[in-house]
Amino acid sequence: MELSNKATGGGGAACSTEPHFPLGLPLHEWLPYEFAPTGGCGEDDWSLLGMNMADYCIIAYSIFSLALGAVTLGWLYSLFAKK
């Protein structure tokens, strides 16, 4: 039985066995224990309280955005309230 490209993560071009880091730094060669790729492509086996890392990132981004908005509004109010 043959798996379709969709089932295998889009085929061979979807995932690379060699990681690509900013500025082309070979971090996986310098510190392989920390930066070597492990697991399968698209594998999502980390969860805490039923949510994965992406869910927690969205929650953190939302909280920080609300805090930034409140600080910005407070700063603008202090600028215009003095005049």
Side-chain angles (χ1 to χ4, degrees):
M1 185 171 116
E2 216 176 294
L3 296 175
S4 69
N5 278 346
K6 189 173 186 181
T8 59
C15 298
S16 173
T17 58
E18 186 168 321
H20 301 282
F21 296 103
L23 304 175
L25 297 174
L27 298 176
H28 63 289
E29 294 173 5
W30 295 344
L31 297 168
Y33 181 75
E34 293 293 325
F35 296 105
T38 59
C41 180
E43 194 175 284
D44 189 13
D45 59 353
W46 185 94
S47 67
L48 178 66
L49 302 175
M51 293 189 295
N52 64 12
M53 183 66 77
D55 296 331
Y56 283 108
C57 287
I58 290 172
I59 291 169
Y61 181 78
S62 300
I63 291 170
F64 287 130
S65 295
L66 289 172
L68 178 64
V71 169
T72 302
L73 287 175
W75 176 69
L76 288 173
Y77 179 75
S78 71
L79 282 177
F80 294 113
K82 291 180 182 179
K83 293 181 180 184

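In what follows, residues are counted from 1 in the order of the sequence shown.
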Taking a hydrophobic cluster as the set of Ile, Leu, Val, Met, Phe, Trp and Tyr residues connected by side-chain heavy atoms closer than 4.5 Å, whether directly or through intermediates, do [X] and [Y] fall within one such cluster?
X	Y	result
F64	Y61	no
L25	Y33	no
I58	I63	no

If I compare all heavy atoms of L48 with all of Y56, which pair ends up nearest, and what's the gap? O-OH, 2.7 Å

Mind checking the CG-CG spacing from L68 to L73? Nearest 0.5 Å is all I need. 9.5 Å

